[in-house]
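Working notes for the structure below.
Residue numbers begin at 1 in each chain, while the letters A, B, ... track the order of the sequences.
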Amino acid sequence: MNFCTIMRAMKITMVLLTCVFVQVTAATYAQRITLNKQNSSIKVVLEEIRKQTNFSFFYNPEIFNDVEPVDINVKNATLDQVLKEFFLDKPFKYIIKNSYVTISRNPEAHRSAKPQQLQIKGHVVDASNNRPLSGVSIRIKGTRIVTSSDANGAFFINIPPSNAILVFTFLGLQTQEVRVGPDNRNITVRMRQATSELEEVAVTVQARRRANTEVAVLEERRKAAIVQDAISAQMIERTGSITTTQALQRVSGVTVTDDKYVAVRGLGDRSVIGQLNGVRLASSDPDRSTIPLDLVPASLLDNITIYKTVTPDKPADAASGIVELKTKSIPDSMTFEVIAQSGFNSNIGMGGNFNSFWNSDMGVLGTKINRKDLSQDFLNLGQQYPDGLYSIQRLIANSGYTPELQQEANRINGIMRDFDPVLTTQGQTAPLNQIYSATFGNSYNVFNKHKIGVILGGNYYRRATNIYDGDLTQWSIYQGVLSGSPYIYSERNVPNFITTNRLGLGRYQTYKEHTGTENLNYGLLGGLAYRFNTRHEISFQYLGSWGGETRASNLAGRYQYTGMPGEVNSTTHSLRQSYRTLQTFNLQGEHKLFNHSYSPSLSYNLSTSSSSHNDPDYRFANLIDYAPTRPTLYYRQTMSGSEPEYVNRHYALGSGYVYGFGPFGVMQADPNGRRWRNLNEDIYNYKADLSVPFELFGNKQEFKTGFNYLNRDRTFGENVLFLPGSNFLQNSLSDQSGTTNPTMYSSAPLYDVHGDLNRLVSPEIVGIRPRTSNTGEGDFQVGGFLYNIQKSPNNYQGFFQTNAFYGMLDLKITEDFRLAGGVRFERTNVQSQVDTSNLYLDPSLLRANAQGELLLNPIKPNSVYKQGYKPFYSINATYTLNELMNFRAAFNTTLARPELREITNVFEFDAFQMGLVVGNPNLINQNTTNFDFRWEWFPNPGEVIAVSAFGKQLKNQLVKVYSLRTEGLAATFPEYPVIAYQNDPNTGRVWGLELELVKDLGTIWERAQGFFIGSNMLIAQSEVKKTPERLAANWSVDRNAPENSPLFEQAPYSINAWLNYENKKSGTDLTTTFNVVGERLVQINLTGEPDLYSRPVPMLDFVFTQRLSRHLTLKGFAKNILNPDIKTVYANPSTGGKWYGNEYVNRAFRQGSEFTLGLSYNLF
Amino acid sequence: MKKMLETKRLTAITEYNRLRGALLIFTFALLLFSSCKKENLDYKVDYREFTEAIEPSMVRLVNIGRNRNLEVNGDSLTNFRWPPANPEAPDEERTQVLPTKYFPSTGQLGLTWTVPNEFFTPEHATEITFYSGPTLNRMHHTFPIHEDGSQPTDYYLLKIEREMHEGPEVIEVPRDVTAPSRPDHFKIRLLNFAQTFDNYLVTAENLMAPMTLAYADGTPVSPETTNVPIGQWSEYVEVPYGTYQFKVLTQDQRQVPMATTSPTIHVTTSAIPDMTQRDPNDARSPASTGLVYAELQTFQPGGIYSIAVHPYTMKYNAPGAGNAFTVTDIIQNAFQVITDLSAPLNNSYVRVQLVNATLNSSPLRLELSQERTTEAVPSERYSDYVISLVGSRMLQVKDPSGNVVIHQEAQLQAGKNYSLWVYTGENQELQSLLVSNNLASSEMLGNSDSNGNYGDPFRRYYPFPFTYRFLNLLTGFEEVTLTNQLGIPYGRPASHLLQGVAKDDNPYYFNIGSDQYREQWFMLYQSSPTELPGRWISEVTGLSTKAMIADETLYTRANRNVPNAEPGVYTVAAIGTFNDGQKNAKIMYVKHTK
């Protein structure tokens, strides 16, 4: 692999070289000249041409002496074209030979020269305000000759001497055709708003509103009444984004964690809401309130817009932003495109290995994942045997006495052994990454003048990534070993080298990480728009998306400084597969009621969507083993009591307690197990808006009103099956179940299988014990290990309902000053009900208390939170300076609602967060007050320079609170925190700055024609006061630990930059993007160690497309070219990732670079 | 001119194409460099303690003297661990021993040990030294062994403690490993290695005599295994497989106790190896029960077993102060069962018997096939077992004239034991009930509060069982209950017995504790679902466990007390008819173990 190592080092160089070569290639081939010289001498012009073409000119300088200065304006012309035009009406002739151009006087010129072409000069203005329009495209109809208007709206174009028709196009304005000729050489064109025409009372429904280029989205942004940012399909393609979250990362103010969780301006979770074509997206994550953005394939989108301030016609529960996904619009003419790409991750290579597990095949469509669902037979067992497993054990024991019982016992045995007998991950050959997509669209005329538009899209991708030899280190101020087993234990202690005067951390556990992930995702888009006439149009859209993920993680490591005579190893295997679906249907209509420009118009959007998240058989096992230097005793339960036996190695599945929760103040927490979780959510979202225009201050104004109804119905089901060997399972008659001590003999199966986790769940341990040659005559069968058949206490169902109505005015006070604002009333009704029947309950929850009462948790299974209609105000002011520059200010109040999961009275040990996630029925809405300012300037189409400032004040902020009641040095078991949401009594504040620049470099430096540069940056600051518990934990060692903390996962800055080169002629498009996000708080530690922060990771991507023929395009990308270490460190905020000068790395790994190459076929 | 321009353009295009080629090559090179296949090997561990297989020889050591340590060719293979390395260790740890390669579970010599092949070399004889105790200064004995390639050999290591009188330390015995000629049989032999010894506290009864292998009722198994002289062993004899309580008798019919590790049951009186109970008249003194300890065991088809008599240290109840006994050690000759060849898993055979639970009918016999048929069984009696092949079998019960009076198809499962009960039904018609018996006398403990993730902890075996199952084959009552002489039902297994239905939820009653040595009666009560035990049916004579003793002369011939009950697995059934017209009912029993 030395070869590979060297090559990896060379890789960056290679990519850069490739960029350069592509650039050079394009230039050499084109030999194109772009010149814009006014009042110049011929010599200067020729010199410029020489520089651009490398052709040398031979002439006698005297021949130009009496010639007047010339004007020339050509773009992308060949040498021949330039010279022909240049010398058209001049008395010179030229000869091109090899690389030389010889120019001489043409004596007959004056006689024969007749003007071959006509120059048309003109001026384009906006009809509404007579302001010059720049960037208007002017084309001679029927030719490819194009020019555009300059900043003053002026343009020049040469036409054939006869008449010609010029076509003026500009986004959002009505296309105009003007006939020009010798008698019409100086024109002024007034362009009108496309929809403001009296005779064209046209409406355009969402499905037809095409905004898939950067120019278009910037134009929408320029005209909007609010602060918004967006990324277009063009940019999505240029950044090689496959999922929507990858694309979102490029938008200013957006940060993304784990490729899943989106935060806008530093606020994530419920502060961001997702909409697809204007309707709410369902959260399908059982643990966190997130929008399933990674499920929506980016290739099916026209654009993603983030509304950072809102008007009352938008939901008020987006405290920091609305992410609006707009699916592909219906084109005016037929389009058909097919893309196929393939590639690999450099951590795997071609045909290399990635971590996976036996029977992890998801199938082409991911549906094989669902085959691991708990069988109905298993689920029925809980009903059939409500007294629990002992009744099954008894049935097995009795099964020898009658054939019917025998049959039933065999059936149950089959069910118990039906699960995959695998708990460990295993390397497998990775498939090549694949991406396919296809889109088709067209419009047809039907029934005379009716129009029907169709769009169909499909997308499929599958990719594998792998982390190998990653480092994971748990640093701690403590040492010792707590495994949950009395055999693997050494007292917790703080070593004497850690004091408040000498701060440091010791290595507690060190691991090597091997994690493989395979994703597949596919989506289908269907859109249909029907236009009765220009005033009435309805459309229907369907988006279905399905995704499967397999994630296999193996951590192999050991405890350091155990104080025990021998090595203590810790091995973790996590095997997870998820299958998710999202389907939305929506019907929208836009109707202009009357045929005049002040006609009220009605728009509505009716949608239902459903999403599901299924995690079947998610397996997690953390095996701790201890090999003392000499064999020690293990007590095993036998017929005649407990008997000690000597073992060379002790085993335990690490588990412990959560203190401070439950009726007894303590709960067992066992991360090991097989889990099934299934969440289904159905959403009904209906809304309608009526806008009534009227005239005031001499301008057209608008009053808008409407309502919005949203209802989400959710059901969540879970089964947690404990593993054989779990500390908390009774494995002896004398085991004291229900005490705070784990049962003494429960780990016996681990010893039986010598710590082999796969054997642990094999028929050797699970199911009915086989008869042996020692089985007595007629002896009954006995069950070995049986999985618990009752569902976990976390099943719930609930709904989340909001109603809203609003009224708003959109006023143009003057031509330049616009005010949009009003009030919106929203109502909240969140209710959930926990299923309390037939559950598997932790024995520690079943014990009677000192008064002899049997307490059950949840004590209150129903949660209800209702809030009546409350007003939310918003006002957006826009002052427009010369049409290209906006000054915006906005004020609005918003709310954030507790999520269904957070309010539901359930508790669940989450093996990912390693904590008990607890519902809080007392949560109330959070209120946010937002202030926004933005200055934006659109110098040219596709260009923007913007500066924004924002501030947010959050009352009753919903915050995730970690609390850990620790026994400190007296602890004998691992302790896990309680994670709950609470309303923070302190007012939280977030403020920040956004900078954005998108510039066509060609406008400032001619040689940089075709180069675009873009950059955006977010600087945000947020603070929340630490809870007393958190602060106390920090101060236990570090007396200088800050009292405030940044918000969870909130980055102080994020920077995006991209450089794009586009050469339309050669069909080359190259984009290099760079992204870096500042440190983020990712884990709160409550045992004295500083919190965990993820370090900034510079990501450099390169994406290229090269047209090969009219229909065929080669495209590809290289992502994460730098492939830096991705690190999480123990630190205080803003210390450069250090803690008192030392770096304590918790996790470090490399993601690998990703390479993809493919073809796109475009029929039209 | 034009042509030249054209050429020029072509050159430019060619140049571009070449560069594009270069671009592609670079791109592909880049891909190639990154595309090196990564192995990404798994982090793997194997924590098994011994992964190499030890190749066995044909020589075996049979440690009936319960010696502890072993050297082979001067190499100590056991741990010789005493005292422990850590003097502060708890008691268990100090008496425990460390595992070794050849003795991975305890580190000490067990009952049998097959000498690995690696210890045999052609040049030198292999030398074995065994030690009676944990340290080198204890009694030990050294002897050479040799491997005869054709004949499996056992070396019986005898007890060499100081208390032992003069005698051999090791006896070389050939072992048979050829399967029984009849595959549904097992082979068994008797070795008489009785010896004399000193006891310090008491004088034990002298059991130095030729020995006889007998069934539970005292019937000798075979002439071959009868009166085996001291120091000798019998030939192997073939016995049908099944569950037996073998006994070893001296020439004068005294029973020899069985050596066992079970700490709770195996207690003898001082002079004779009886089991004791508290003397009903004097709580401080032990009193003989008349019973001698011998376990029940299933001897599997195809197995080969040796029963060896040799001195063994066991517990003995001496009178103590107050109400307590004092338990001390005593040495006595006792027998042990040694497996010479483990039986294969029995997937082929099943045993079936016929119970004639009628009153006053002609004898019946059960026929499974021409060859497999029971003897004719008169009323209230039961047949010996017949061995059948597993599978679907037609069970035919025939009367003396050969008429089929009952036929029943049954799915017979391997390793099981069935009794076909034939009884008189409502209309005086013969009816049958096939009952599956559990001769292993195992009980499922626990209750509904138990967390049932694991089943094993709830199974308990009673190797010296007094186990009863109850059946109601009596017509006339809806249900009956069987009680003891005080009218207390024998638990759920004896309560609310429905006619013709065998209970299937933990159906056995296990008589444990001091009750098992007392005489128990089985009394018939008419119960109802709301009434327990209900009305005593005085017309039906109770059945006493004393009446169930197979042969009292087994005890009287040796001048011993006749016990109140004999261990075994029994079924007690109420049979006959009981109504206004006919009051002909009885309680009968079947002893399933032999």
Is it the case that the side chain of [X] and the backbone of [Y] share a donor-acceptor pair, with hydrogens and angles ignored and the cut-off at 3.5 Å?
X: B:D504; Y: A:T402; result: no
X: A:E777; Y: B:V350; result: no
X: B:K38; Y: A:S346; result: yes
X: B:S442; Y: A:D779; result: no
X: B:N40; Y: A:F354; result: no
X: A:R771; Y: B:N347; result: no
X: A:N398; Y: B:M444; result: no
X: B:S436; Y: A:G400; result: yes

Pick from [options]: which one has the most heavy-atom pairs with chain A under 4.5 Å?
options: B:L439, B:L296, B:V435, B:N346; result: B:L439
options: B:S441, B:G302, B:G303, B:A414; result: B:A414
options: B:H592, B:Q411, B:R48, B:K44; result: B:R48
options: B:D505, B:L434, B:T339; result: B:D505

Note to self: Testing A:F785, A:Y390, A:Y745, A:F722 one by one against B:Y454 for a ring-ring contact (aromatic ring centres under 6.0 Å, His included), which residue passes?
What the structure shows: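 Output: one option passes, namely A:F785.
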When [options] are compared by non-hydrogen pairs under 4.5 Å with chain B, the top option:
options: A:V753, A:L405, A:I789; value: A:L405
options: A:I396, A:T429, A:D625; value: A:D625
options: A:N466, A:I768, A:N774, A:D387; value: A:N466
options: A:G1116, A:G784, A:G427, A:A556; value: A:G784

Notebook entry, point to check: chain A heavy atoms under 4.5 Å from B:S342: which part of the residue, side chain, backbone, both or neither?
Noted result: neither
Next item on the list: Check each atom of B:Q297 against the heavy atoms of chain A and say whether the ones under 4.5 Å are side chain, backbone, both or neither.
Entry: neither
Next item on the list: Taking all heavy atoms of B:A343 and all of A:S773, pick out the closest pair and write down the distance.
Entry: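 Closest approach of B:A343 to A:S773, heavy atoms only: O-CB, 3.0 Å.
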Notebook entry, point to check: Taking all non-hydrogen atoms of both residues, which atom of B:Y43 and which atom of A:N554 are closest, and how far apart?
Noted result: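 Shortest heavy-atom contact: CD1-OD1, 3.4 Å.
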Which answer fits [X], side chain, backbone, both or neither, if we ask what part of it has an atom under 4.5 Å from a heavy atom of chain B?
X: A:T424; answer: neither
X: A:D469; answer: both
X: A:S391; answer: neither
X: A:E513; answer: backbone
X: A:P749; answer: side chain
X: A:N648; answer: both
X: A:Y651; answer: side chain

Find the distance between [atom1] ([X]) and [atom2] ([Y]) and round it off to the nearest 0.5 Å.
X: B:D42; Y: A:N355; atom1: CG; atom2: CG; value: 6.0 Å
X: A:T775; Y: B:L345; atom1: OG1; atom2: CG; value: 7.0 Å
X: B:N453; Y: A:L723; atom1: CG; atom2: CG; value: 10.5 Å
X: B:L445; Y: A:R394; atom1: CG; atom2: CZ; value: 9.0 Å

Check: So, A:Y751 versus B:Y47, ring centres under 6.0 angstrom or not?
Finding: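 Between B:Y47 and A:Y751, which both carry aromatic rings, the centre distance is not below 6.0 Å.
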Notebook entry, point to check: Between B:Y508 and A:Y401, what is the ring plane arrangement, given parallel below 30°, perpendicular above 60°, and tilted in between?
Noted result: tilted
Next item on the list: Apply side-chain contact (heavy atoms from CB on, under 4.5 Å) to the pair A:F780 and B:R459, showing each step before the final yes or no.
Entry: CA-CA 9 Å; A:F780 60 75; B:R459 176 157 65 178; 3.4 Å; yes
